[in-house]
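First comes the structure, then the notes that go with it.
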2 protein chains.
Amino acid sequence: MTVAKTDKSKPDAGAARVPDPEGTRRNILEIASKEFALNGLSGARIDEIAARTRFSKRMIYYYFGDKEGLYLRALEDAYRQVREGEAHLDIEGLSPVAALTRLVEFTFDHHHRHEEFIRMVMIENIHHGQYLKQSEAIRALNVTAIDHISRIYSRGVEDGIFRPGLDPVELHWQVSALCFFNVSNRATFSMIFGRDFGAPAQLERLKQNTVEMMLRFVARGEAPAE
Amino acid sequence: MTVAKTDKSKPDAGAARVPDPEGTRRNILEIASKEFALNGLSGARIDEIAARTRFSKRMIYYYFGDKEGLYLRALEDAYRQVREGEAHLDIEGLSPVAALTRLVEFTFDHHHRHEEFIRMVMIENIHHGQYLKQSEAIRALNVTAIDHISRIYSRGVEDGIFRPGLDPVELHWQVSALCFFNVSNRATFSMIFGRDFGAPAQLERLKQNTVEMMLRFVARGEAPAE
DNA sequence: AATGATGTACGAACTAGATAGTACAGTCAA
DNA sequence: TTGACTGTACTATCTAGTTCGTACATCATT
(Lines give C-alpha, C1' and ligand atoms only; values in the text may rest on other atoms or scores of the structure.)
Protein backbone atom coordinates (compact mmCIF):
# COMPACT_ATOMS: atom_id res chain seq x y z
CA MET A 1 0.00 0.00 0.00
CA THR A 2 3.15 2.13 -0.17
CA VAL A 3 1.42 5.44 -0.69
CA ALA A 4 4.14 8.08 -0.61
CA LYS A 5 6.47 6.43 -3.07
CA THR A 6 8.72 8.28 -5.42
CA ASP A 7 7.12 7.86 -8.79
CA LYS A 8 9.63 6.10 -11.03
CA SER A 9 7.93 7.14 -14.23
CA LYS A 10 9.02 10.70 -13.51
CA PRO A 11 12.67 11.75 -13.40
CA ASP A 12 12.33 12.05 -9.62
CA ALA A 13 11.62 15.75 -9.44
CA GLY A 14 14.71 16.93 -11.20
CA ALA A 15 18.22 15.65 -11.55
CA ALA A 16 18.13 12.09 -10.30
CA ARG A 17 18.67 10.73 -13.77
CA VAL A 18 22.21 11.92 -14.14
CA PRO A 19 24.36 9.78 -11.91
CA ASP A 20 25.97 12.04 -9.38
CA PRO A 21 27.96 9.95 -6.93
CA GLU A 22 29.66 12.98 -5.47
CA GLY A 23 26.36 14.70 -4.85
CA THR A 24 24.95 11.54 -3.32
CA ARG A 25 27.89 11.23 -0.98
CA ARG A 26 27.66 14.84 -0.01
CA ASN A 27 23.95 14.69 0.68
CA ILE A 28 24.33 11.60 2.83
CA LEU A 29 27.30 13.01 4.66
CA GLU A 30 25.53 16.24 5.41
CA ILE A 31 22.55 14.54 6.96
CA ALA A 32 24.70 11.99 8.76
CA SER A 33 26.88 14.70 10.26
CA LYS A 34 23.86 16.34 11.82
CA GLU A 35 22.59 13.06 13.18
CA PHE A 36 25.92 12.05 14.67
CA ALA A 37 26.50 15.50 16.15
CA LEU A 38 23.06 15.38 17.70
CA ASN A 39 22.94 11.83 18.96
CA GLY A 40 26.44 10.46 19.04
CA LEU A 41 27.75 7.36 17.33
CA SER A 42 25.63 4.82 19.17
CA GLY A 43 22.68 7.19 19.43
CA ALA A 44 22.44 7.95 15.72
CA ARG A 45 20.21 5.69 13.63
CA ILE A 46 21.09 4.61 10.13
CA ASP A 47 17.43 4.30 9.23
CA GLU A 48 16.83 7.81 10.46
CA ILE A 49 19.74 9.15 8.43
CA ALA A 50 18.54 7.30 5.35
CA ALA A 51 15.03 8.67 5.77
CA ARG A 52 16.33 12.22 5.78
CA THR A 53 18.48 11.81 2.68
CA ARG A 54 17.11 11.69 -0.84
CA PHE A 55 18.41 8.13 -1.05
CA SER A 56 17.86 4.72 0.41
CA LYS A 57 19.73 3.08 3.23
CA ARG A 58 21.41 0.92 0.67
CA MET A 59 23.36 3.93 -0.57
CA ILE A 60 24.89 4.56 2.82
CA TYR A 61 26.39 1.10 2.83
CA TYR A 62 27.36 1.35 -0.80
CA TYR A 63 29.35 4.53 -0.28
CA PHE A 64 30.48 4.31 3.31
CA GLY A 65 30.70 0.63 4.10
CA ASP A 66 29.24 0.63 7.56
CA LYS A 67 28.11 2.90 10.36
CA GLU A 68 31.59 3.49 11.70
CA GLY A 69 32.85 4.33 8.23
CA LEU A 70 30.14 6.93 7.91
CA TYR A 71 30.95 8.34 11.32
CA LEU A 72 34.63 8.58 10.45
CA ARG A 73 33.85 10.52 7.29
CA ALA A 74 31.54 12.82 9.22
CA LEU A 75 34.31 13.44 11.73
CA GLU A 76 36.83 14.19 9.00
CA ASP A 77 34.39 16.48 7.31
CA ALA A 78 33.80 18.42 10.51
CA TYR A 79 37.50 19.00 11.01
CA ARG A 80 38.03 19.94 7.39
CA GLN A 81 35.22 22.47 7.36
CA VAL A 82 36.43 24.16 10.50
CA ARG A 83 40.07 24.24 9.46
CA GLU A 84 39.12 25.70 6.10
CA GLY A 85 37.16 28.40 7.88
CA GLU A 86 40.20 29.28 9.92
CA ALA A 87 42.17 30.04 6.78
CA HIS A 88 40.19 33.24 6.39
CA LEU A 89 41.74 34.73 9.47
CA ASP A 90 43.91 37.63 8.36
CA ILE A 91 46.37 38.96 10.88
CA GLU A 92 49.27 40.00 8.72
CA GLY A 93 50.40 43.51 9.39
CA LEU A 94 48.85 43.69 12.83
CA SER A 95 50.87 44.29 15.94
CA PRO A 96 51.33 41.21 18.15
CA VAL A 97 48.78 42.47 20.66
CA ALA A 98 46.21 43.26 18.01
CA ALA A 99 46.90 39.99 16.23
CA LEU A 100 46.49 37.92 19.38
CA THR A 101 43.32 39.82 20.19
CA ARG A 102 41.91 39.10 16.77
CA LEU A 103 42.98 35.47 16.88
CA VAL A 104 41.25 34.88 20.21
CA GLU A 105 38.10 36.74 19.19
CA PHE A 106 38.00 34.85 15.94
CA THR A 107 38.49 31.48 17.65
CA PHE A 108 35.80 32.27 20.18
CA ASP A 109 33.30 33.24 17.48
CA HIS A 110 34.33 30.43 15.19
CA HIS A 111 33.74 27.78 17.83
CA HIS A 112 30.47 29.42 18.70
CA ARG A 113 29.34 29.29 15.09
CA HIS A 114 30.34 25.66 14.67
CA GLU A 115 28.54 23.93 17.48
CA GLU A 116 28.19 20.82 15.35
CA PHE A 117 31.95 20.53 15.14
CA ILE A 118 32.33 21.00 18.89
CA ARG A 119 29.84 18.25 19.50
CA MET A 120 31.66 15.91 17.14
CA VAL A 121 34.89 16.52 19.00
CA MET A 122 33.15 15.90 22.33
CA ILE A 123 31.74 12.67 21.01
CA GLU A 124 35.09 11.63 19.62
CA ASN A 125 36.68 12.27 23.01
CA ILE A 126 34.03 10.13 24.63
CA HIS A 127 35.34 7.41 22.33
CA HIS A 128 38.88 8.17 23.48
CA GLY A 129 39.76 9.47 20.04
CA GLN A 130 39.78 5.99 18.59
CA TYR A 131 38.34 7.08 15.23
CA LEU A 132 40.50 10.15 14.91
CA LYS A 133 43.41 7.79 15.44
CA GLN A 134 42.43 5.99 12.25
CA SER A 135 42.27 9.15 10.22
CA GLU A 136 45.49 10.20 8.61
CA ALA A 137 43.52 12.96 6.93
CA ILE A 138 42.60 14.73 10.14
CA ARG A 139 46.07 14.71 11.61
CA ALA A 140 47.48 16.12 8.40
CA LEU A 141 44.86 18.85 8.52
CA ASN A 142 45.75 19.92 12.00
CA VAL A 143 49.50 20.27 11.92
CA THR A 144 49.11 23.85 10.77
CA ALA A 145 46.69 24.73 13.53
CA ILE A 146 49.27 26.42 15.72
CA ASP A 147 51.04 28.30 12.97
CA HIS A 148 49.13 31.50 13.61
CA ILE A 149 49.61 31.70 17.33
CA SER A 150 53.18 30.55 17.01
CA ARG A 151 54.04 33.39 14.67
CA ILE A 152 52.20 35.99 16.70
CA TYR A 153 53.94 34.92 19.85
CA SER A 154 57.39 34.95 18.25
CA ARG A 155 56.88 38.43 16.95
CA GLY A 156 55.66 39.57 20.34
CA VAL A 157 58.76 38.21 22.01
CA GLU A 158 61.02 39.80 19.40
CA ASP A 159 59.30 43.11 19.94
CA GLY A 160 59.94 42.76 23.66
CA ILE A 161 56.21 42.95 24.36
CA PHE A 162 55.61 39.31 25.28
CA ARG A 163 57.66 37.41 27.80
CA PRO A 164 59.83 34.62 26.42
CA GLY A 165 59.83 30.96 27.44
CA LEU A 166 56.21 30.11 26.66
CA ASP A 167 55.12 27.20 24.52
CA PRO A 168 52.92 28.05 21.51
CA VAL A 169 51.18 24.70 21.73
CA GLU A 170 50.25 25.44 25.32
CA LEU A 171 49.01 28.88 24.33
CA HIS A 172 46.85 27.24 21.70
CA TRP A 173 45.68 24.80 24.34
CA GLN A 174 44.53 27.64 26.57
CA VAL A 175 42.67 29.48 23.84
CA SER A 176 41.05 26.24 22.77
CA ALA A 177 40.03 25.34 26.29
CA LEU A 178 38.30 28.62 26.93
CA CYS A 179 36.58 28.82 23.56
CA PHE A 180 35.63 25.16 23.45
CA PHE A 181 34.21 25.03 26.95
CA ASN A 182 31.98 27.96 26.15
CA VAL A 183 30.11 25.80 23.67
CA SER A 184 30.59 22.32 25.04
CA ASN A 185 29.49 22.92 28.62
CA ARG A 186 27.00 25.68 28.17
CA ALA A 187 23.99 23.51 28.88
CA THR A 188 25.03 22.22 32.28
CA PHE A 189 26.75 25.43 33.30
CA SER A 190 23.75 27.56 32.48
CA MET A 191 21.43 25.29 34.41
CA ILE A 192 23.57 25.04 37.48
CA PHE A 193 24.08 28.77 37.79
CA GLY A 194 20.65 29.74 36.54
CA ARG A 195 22.05 32.07 33.95
CA ASP A 196 22.06 31.96 30.18
CA PHE A 197 25.66 31.74 29.09
CA GLY A 198 24.54 31.85 25.50
CA ALA A 199 22.99 35.31 25.74
CA PRO A 200 24.72 37.83 23.46
CA ALA A 201 25.77 40.22 26.22
CA GLN A 202 27.12 37.35 28.31
CA LEU A 203 28.99 35.91 25.35
CA GLU A 204 30.58 39.26 24.68
CA ARG A 205 31.82 39.42 28.26
CA LEU A 206 33.22 35.91 28.11
CA LYS A 207 34.96 36.69 24.88
CA GLN A 208 36.57 39.84 26.24
CA ASN A 209 37.59 37.93 29.37
CA THR A 210 39.26 35.33 27.19
CA VAL A 211 41.14 37.95 25.19
CA GLU A 212 42.25 39.62 28.36
CA MET A 213 43.36 36.37 29.95
CA MET A 214 45.59 35.61 27.02
CA LEU A 215 47.03 39.10 26.75
CA ARG A 216 47.81 39.19 30.45
CA PHE A 217 49.31 35.73 30.33
CA VAL A 218 51.82 36.54 27.63
CA ALA A 219 52.59 40.01 28.94
CA ARG A 220 55.94 40.87 30.42
CA GLY A 221 56.27 41.07 34.16
CA GLU A 222 55.59 38.73 37.03
CA ALA A 223 52.34 37.24 38.20
CA PRO A 224 51.26 38.63 41.55
CA ALA A 225 52.84 36.94 44.56
CA GLU A 226 52.42 37.32 48.30
CA MET B 1 15.40 -28.54 35.43
CA THR B 2 16.86 -25.31 36.77
CA VAL B 3 20.40 -26.50 37.25
CA ALA B 4 22.44 -23.56 38.44
CA LYS B 5 20.20 -22.60 41.32
CA THR B 6 21.49 -21.01 44.43
CA ASP B 7 21.73 -23.85 46.85
CA LYS B 8 19.36 -23.08 49.67
CA SER B 9 21.09 -25.37 52.13
CA LYS B 10 24.16 -23.14 52.00
CA PRO B 11 24.15 -19.42 52.79
CA ASP B 12 25.15 -18.72 49.18
CA ALA B 13 28.87 -18.23 49.68
CA GLY B 14 28.50 -15.53 52.24
CA ALA B 15 25.96 -12.86 52.94
CA ALA B 16 23.36 -13.16 50.22
CA ARG B 17 20.76 -14.42 52.60
CA VAL B 18 20.27 -11.18 54.44
CA PRO B 19 18.27 -8.87 52.24
CA ASP B 20 20.27 -5.71 51.69
CA PRO B 21 18.40 -3.26 49.47
CA GLU B 22 20.82 -0.43 50.09
CA GLY B 23 23.79 -2.59 49.23
CA THR B 24 22.06 -3.83 46.11
CA ARG B 25 21.30 -0.30 44.94
CA ARG B 26 24.83 0.81 45.63
CA ASN B 27 26.35 -2.14 43.81
CA ILE B 28 24.16 -1.58 40.76
CA LEU B 29 24.80 2.17 40.75
CA GLU B 30 28.52 1.72 40.98
CA ILE B 31 28.68 -0.58 37.99
CA ALA B 32 26.17 1.47 36.04
CA SER B 33 28.12 4.67 36.61
CA LYS B 34 31.19 3.14 35.09
CA GLU B 35 29.27 1.82 32.12
CA PHE B 36 27.53 5.12 31.41
CA ALA B 37 30.74 7.10 31.84
CA LEU B 38 32.47 4.74 29.44
CA ASN B 39 29.80 4.34 26.78
CA GLY B 40 27.27 7.10 27.20
CA LEU B 41 23.55 6.76 27.70
CA SER B 42 22.71 5.08 24.42
CA GLY B 43 26.01 3.20 24.32
CA ALA B 44 25.62 1.57 27.72
CA ARG B 45 23.90 -1.81 27.78
CA ILE B 46 21.54 -2.82 30.54
CA ASP B 47 22.46 -6.45 30.04
CA GLU B 48 26.11 -5.63 30.35
CA ILE B 49 25.52 -3.67 33.55
CA ALA B 50 23.45 -6.48 34.97
CA ALA B 51 26.12 -9.02 34.13
CA ARG B 52 28.71 -7.04 36.05
CA THR B 53 26.60 -6.64 39.16
CA ARG B 54 25.96 -9.38 41.64
CA PHE B 55 22.28 -9.25 40.66
CA SER B 56 19.96 -9.87 37.80
CA LYS B 57 18.65 -7.38 35.30
CA ARG B 58 15.34 -7.54 37.03
CA MET B 59 16.82 -5.69 39.99
CA ILE B 60 17.83 -2.72 37.90
CA TYR B 61 14.24 -2.22 36.88
CA TYR B 62 13.03 -2.99 40.39
CA TYR B 63 15.14 -0.22 41.90
CA PHE B 64 15.60 2.30 39.12
CA GLY B 65 12.55 1.97 36.92
CA ASP B 66 14.18 2.20 33.52
CA LYS B 67 17.44 2.96 31.79
CA GLU B 68 16.98 6.70 32.00
CA GLY B 69 16.17 6.47 35.69
CA LEU B 70 19.39 4.60 36.25
CA TYR B 71 21.33 7.14 34.21
CA LEU B 72 19.83 10.00 36.18
CA ARG B 73 20.89 8.42 39.46
CA ALA B 74 24.37 7.81 38.12
CA LEU B 75 24.56 11.45 37.09
CA GLU B 76 23.40 12.64 40.50
CA ASP B 77 25.85 10.34 42.18
CA ALA B 78 28.73 11.68 40.12
CA TYR B 79 27.92 15.27 41.06
CA ARG B 80 27.46 14.38 44.71
CA GLN B 81 30.77 12.56 44.98
CA VAL B 82 32.69 15.37 43.38
CA ARG B 83 31.04 18.09 45.39
CA GLU B 84 31.69 16.18 48.59
CA GLY B 85 35.33 15.92 47.65
CA GLU B 86 35.50 19.66 47.20
CA ALA B 87 34.46 20.21 50.80
CA HIS B 88 37.92 19.11 51.88
CA LEU B 89 39.53 22.17 50.38
CA ASP B 90 40.87 24.29 53.21
CA ILE B 91 41.81 27.82 52.34
CA GLU B 92 40.95 29.68 55.54
CA GLY B 93 43.78 31.78 56.80
CA LEU B 94 45.55 31.96 53.48
CA SER B 95 46.23 35.20 51.67
CA PRO B 96 44.03 35.80 48.62
CA VAL B 97 46.87 34.97 46.25
CA ALA B 98 47.76 31.78 48.09
CA ALA B 99 44.12 30.85 48.42
CA LEU B 100 43.43 31.34 44.73
CA THR B 101 46.55 29.38 43.88
CA ARG B 102 45.47 26.52 46.05
CA LEU B 103 41.92 26.62 44.74
CA VAL B 104 43.06 26.40 41.13
CA GLU B 105 45.60 23.68 41.85
CA PHE B 106 43.02 21.74 43.77
CA THR B 107 40.41 22.08 41.05
CA PHE B 108 42.91 21.01 38.40
CA ASP B 109 43.91 17.91 40.36
CA HIS B 110 40.39 17.14 41.44
CA HIS B 111 39.11 17.14 37.87
CA HIS B 112 42.07 15.05 36.85
CA ARG B 113 41.31 12.48 39.53
CA HIS B 114 37.63 12.30 38.63
CA GLU B 115 37.67 11.50 34.96
CA GLU B 116 34.48 9.53 35.32
CA PHE B 117 32.68 12.65 36.51
CA ILE B 118 34.07 14.71 33.64
CA ARG B 119 32.84 12.14 31.20
CA MET B 120 29.38 12.12 32.74
CA VAL B 121 29.20 15.89 32.39
CA MET B 122 30.34 15.66 28.76
CA ILE B 123 27.70 13.07 28.08
CA GLU B 124 25.07 15.13 29.81
CA ASN B 125 26.00 18.13 27.69
CA ILE B 126 25.66 16.01 24.58
CA HIS B 127 22.11 15.50 25.79
CA HIS B 128 21.74 19.26 26.22
CA GLY B 129 21.49 18.86 29.97
CA GLN B 130 18.02 17.41 29.73
CA TYR B 131 18.52 14.98 32.60
CA LEU B 132 20.26 17.47 34.82
CA LYS B 133 17.22 19.64 34.25
CA GLN B 134 15.10 16.97 35.90
CA SER B 135 17.29 16.72 38.94
CA GLU B 136 16.42 19.06 41.75
CA ALA B 137 19.10 17.27 43.76
CA ILE B 138 21.97 18.30 41.53
CA ARG B 139 21.01 21.94 41.30
CA ALA B 140 20.70 22.11 45.09
CA LEU B 141 24.16 20.59 45.37
CA ASN B 142 25.76 23.15 43.12
CA VAL B 143 24.58 26.48 44.43
CA THR B 144 27.53 26.53 46.83
CA ALA B 145 30.09 25.80 44.15
CA ILE B 146 31.19 29.40 43.74
CA ASP B 147 31.33 30.23 47.45
CA HIS B 148 35.06 29.63 47.69
CA ILE B 149 36.16 31.68 44.72
CA SER B 150 33.68 34.36 45.59
CA ARG B 151 35.13 34.82 49.06
CA ILE B 152 38.72 34.70 47.90
CA TYR B 153 38.06 37.31 45.27
CA SER B 154 36.25 39.64 47.69
CA ARG B 155 39.10 39.47 50.14
CA GLY B 156 41.59 40.13 47.38
CA VAL B 157 39.69 43.21 46.30
CA GLU B 158 39.40 44.44 49.87
CA ASP B 159 43.13 43.99 50.32
CA GLY B 160 43.70 46.04 47.20
CA ILE B 161 45.52 43.14 45.56
CA PHE B 162 42.85 42.14 43.03
CA ARG B 163 41.16 44.56 40.67
CA PRO B 164 37.46 45.18 41.31
CA GLY B 165 34.59 44.72 38.88
CA LEU B 166 35.02 41.04 38.08
CA ASP B 167 32.27 38.46 38.34
CA PRO B 168 32.98 35.46 40.60
CA VAL B 169 30.79 33.23 38.47
CA GLU B 170 32.87 34.14 35.44
CA LEU B 171 36.05 33.47 37.39
CA HIS B 172 34.67 30.08 38.28
CA TRP B 173 33.77 29.61 34.62
CA GLN B 174 37.37 30.24 33.60
CA VAL B 175 38.88 27.91 36.15
CA SER B 176 36.38 25.24 35.20
CA ALA B 177 37.04 25.64 31.50
CA LEU B 178 40.78 25.20 31.84
CA CYS B 179 40.61 22.31 34.29
CA PHE B 180 37.76 20.55 32.52
CA PHE B 181 39.25 20.77 29.05
CA ASN B 182 42.43 19.20 30.32
CA VAL B 183 40.55 15.99 30.97
CA SER B 184 37.74 16.15 28.45
CA ASN B 185 39.77 16.87 25.32
CA ARG B 186 43.01 15.18 26.15
CA ALA B 187 42.50 12.33 23.70
CA THR B 188 41.99 14.39 20.56
CA PHE B 189 44.42 17.10 21.57
CA SER B 190 47.20 14.65 22.29
CA MET B 191 46.71 12.89 18.99
CA ILE B 192 46.58 16.01 16.90
CA PHE B 193 49.71 17.49 18.39
CA GLY B 194 51.50 14.19 18.85
CA ARG B 195 52.22 14.89 22.45
CA ASP B 196 51.00 13.25 25.63
CA PHE B 197 49.04 15.87 27.55
CA GLY B 198 48.51 13.37 30.33
CA ALA B 199 52.20 12.99 31.12
CA PRO B 200 53.04 14.12 34.67
CA ALA B 201 55.54 16.81 33.65
CA GLN B 202 53.14 18.18 31.04
CA LEU B 203 50.28 18.18 33.51
CA GLU B 204 52.36 20.09 35.98
CA ARG B 205 53.09 22.74 33.38
CA LEU B 206 49.45 23.04 32.42
CA LYS B 207 48.49 23.37 36.05
CA GLN B 208 51.01 26.11 36.69
CA ASN B 209 49.88 27.87 33.54
CA THR B 210 46.33 27.76 34.78
CA VAL B 211 47.28 29.17 38.16
CA GLU B 212 49.25 31.91 36.51
CA MET B 213 46.46 32.77 34.10
CA MET B 214 44.04 33.27 36.96
CA LEU B 215 46.46 35.25 39.11
CA ARG B 216 47.33 37.53 36.22
CA PHE B 217 43.71 37.95 35.29
CA VAL B 218 42.61 39.18 38.70
CA ALA B 219 45.75 41.24 39.28
CA ARG B 220 45.63 45.03 39.40
CA GLY B 221 46.82 46.94 36.39
CA GLU B 222 45.92 46.97 32.75
CA ALA B 223 46.22 44.32 30.12
CA PRO B 224 48.88 45.16 27.52
CA ALA B 225 47.71 47.42 24.73
CA GLU B 226 49.31 48.77 21.57
C1' DA C 1 3.91 -23.11 68.92
C1' DA C 2 1.79 -23.79 64.74
C1' DT C 3 -0.52 -21.81 60.90
C1' DG C 4 -1.48 -18.75 57.43
C1' DA C 5 -1.30 -14.13 55.24
C1' DT C 6 1.39 -10.39 53.45
C1' DG C 7 5.30 -7.68 51.72
C1' DT C 8 10.10 -7.29 50.28
C1' DA C 9 13.87 -8.86 47.67
C1' DC C 10 15.34 -11.35 44.09
C1' DG C 11 16.05 -14.67 39.50
C1' DA C 12 15.13 -17.17 34.86
C1' DA C 13 13.10 -16.95 30.83
C1' DC C 14 10.63 -14.51 27.66
C1' DT C 15 8.72 -10.78 24.26
C1' DA C 16 8.10 -7.07 21.22
C1' DG C 17 10.25 -4.06 18.67
C1' DA C 18 14.27 -1.85 17.01
C1' DT C 19 18.54 -1.86 14.27
C1' DA C 20 22.68 -2.79 11.49
C1' DG C 21 23.47 -4.90 7.63
C1' DT C 22 22.35 -7.86 3.07
C1' DA C 23 20.37 -10.43 -1.15
C1' DC C 24 18.67 -9.61 -5.13
C1' DA C 25 16.67 -7.53 -8.73
C1' DG C 26 16.81 -4.25 -11.28
C1' DT C 27 18.04 0.82 -14.08
C1' DC C 28 20.56 3.50 -17.11
C1' DA C 29 24.39 5.41 -19.65
C1' DA C 30 28.34 4.28 -22.55
C1' DT D 1 26.68 -5.93 -22.88
C1' DT D 2 28.90 -4.15 -19.24
C1' DG D 3 29.40 -2.07 -15.04
C1' DA D 4 28.41 1.59 -11.97
C1' DC D 5 24.60 2.80 -9.38
C1' DT D 6 20.04 2.32 -6.83
C1' DG D 7 15.59 0.52 -4.52
C1' DT D 8 12.82 -3.17 -2.15
C1' DA D 9 12.36 -6.42 0.80
C1' DC D 10 14.26 -8.87 3.67
C1' DT D 11 17.15 -11.23 8.12
C1' DA D 12 19.81 -12.01 12.15
C1' DT D 13 20.67 -10.13 16.15
C1' DC D 14 20.47 -7.17 19.78
C1' DT D 15 18.11 -4.79 23.54
C1' DA D 16 14.91 -2.55 26.77
C1' DG D 17 11.57 -4.00 29.36
C1' DT D 18 8.15 -7.76 31.34
C1' DT D 19 6.00 -12.05 33.14
C1' DC D 20 5.87 -15.25 36.32
C1' DG D 21 7.64 -17.16 39.98
C1' DT D 22 10.53 -18.26 44.50
C1' DA D 23 12.68 -17.48 49.11
C1' DC D 24 12.34 -15.50 53.27
C1' DA D 25 11.02 -12.40 57.01
C1' DT D 26 7.37 -10.42 59.78
C1' DC D 27 3.10 -10.38 61.89
C1' DA D 28 -1.55 -11.74 63.24
C1' DT D 29 -4.48 -15.51 64.59
C1' DT D 30 -5.56 -19.74 66.82
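Reminder, nothing fancy here: chain letters follow the sequence lines and each chain counts from 1.
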>> Within the supplied structure, the quantity of interest is the number of heavy atoms (other residues, nucleotides, ligands) at a distance under 6.0 Å from A/Arg25 CZ; does it exceed 12?
In response: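 Atom CZ in A/Arg25 is packed in, count exceeds 12.
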Which of the following nucleotides, [options], is nearest to the side chain of [X]?
| X | options | answer |
| --- | --- | --- |
| A/Tyr61 | C/dC10, C/dA20, D/dG17 | C/dA20 |
| A/Tyr62 | C/dG21, D/dA4, D/dT15 | D/dA4 |
| B/Met59 | D/dA16, D/dG7, C/dC10 | C/dC10 |

Could you state the atom-to-atom distance from [atom1] of [X] to [atom2] of [N] in whole Å?
| X | N | atom1 | atom2 | answer |
| --- | --- | --- | --- | --- |
| A/Ile49 | C/dT19 | CD1 | C1' | 12 Å |
| B/Tyr71 | D/dA16 | OH | P | 15 Å |
| B/Ile60 | D/dT15 | CD1 | P | 14 Å |
| A/Ile28 | D/dC5 | CD1 | C1' | 12 Å |
| A/Arg45 | C/dG21 | CZ | P | 12 Å |
| A/Asp66 | D/dA12 | CG | P | 20 Å |
| A/Lys67 | C/dT22 | NZ | P | 14 Å |
| A/Ile46 | D/dT11 | CD1 | P | 21 Å |

>> Please classify the nucleic acid contact of A/Ala44 as base, sugar-phosphate, or nothing, using heavy-atom distances under 4.0 Å.
In response: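 Sugar-phosphate, backbone atoms only, no base.
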>> What contact category does B/Phe64 fall into here, base, sugar-phosphate, or nothing, at under 4.0 angstrom with non-hydrogen atoms?
In response: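 Nothing: the residue B/Phe64, judged by heavy atoms under 4.0 Å, touches no strand.
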> What's the spacing between B/Thr101 OG1 and B/Lys207 NZ if we round to 0.5 Å?
Replying inline: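 If we round to the nearest 0.5 Å, B/Thr101:OG1 and B/Lys207:NZ are 11.5 Å apart.
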>> Looking at C/dC10, I'd like to know if its phosphate oxygens (OP1 or OP2) sit under 4.0 Å from a side-chain N or O belonging to B/Thr24.
In response: yes
[X] side chain to [Y] side chain, donor-acceptor N/O pair below 3.5 angstrom:
| X | Y | value |
| --- | --- | --- |
| A/Glu212 | A/Gln208 | no |
| A/Arg119 | B/His128 | yes |
| A/Glu124 | A/Tyr131 | no |

> Does A/Lys57 make a side-chain donor-acceptor contact with the base of D/dG7, cut-off 3.5 Å?
Replying inline: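 When only heavy-atom distances are counted, A/Lys57 does not reach the base of D/dG7 through any donor-acceptor pair under 3.5 Å.
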>> Using heavy-atom distances to pick each residue's nearest nucleotide on DNA chain C, tell me which of A/Arg58 and A/Asp47 is more 5'.
In response: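 Looking at DNA chain C, the more 5' nearest nucleotide goes with A/Asp47.
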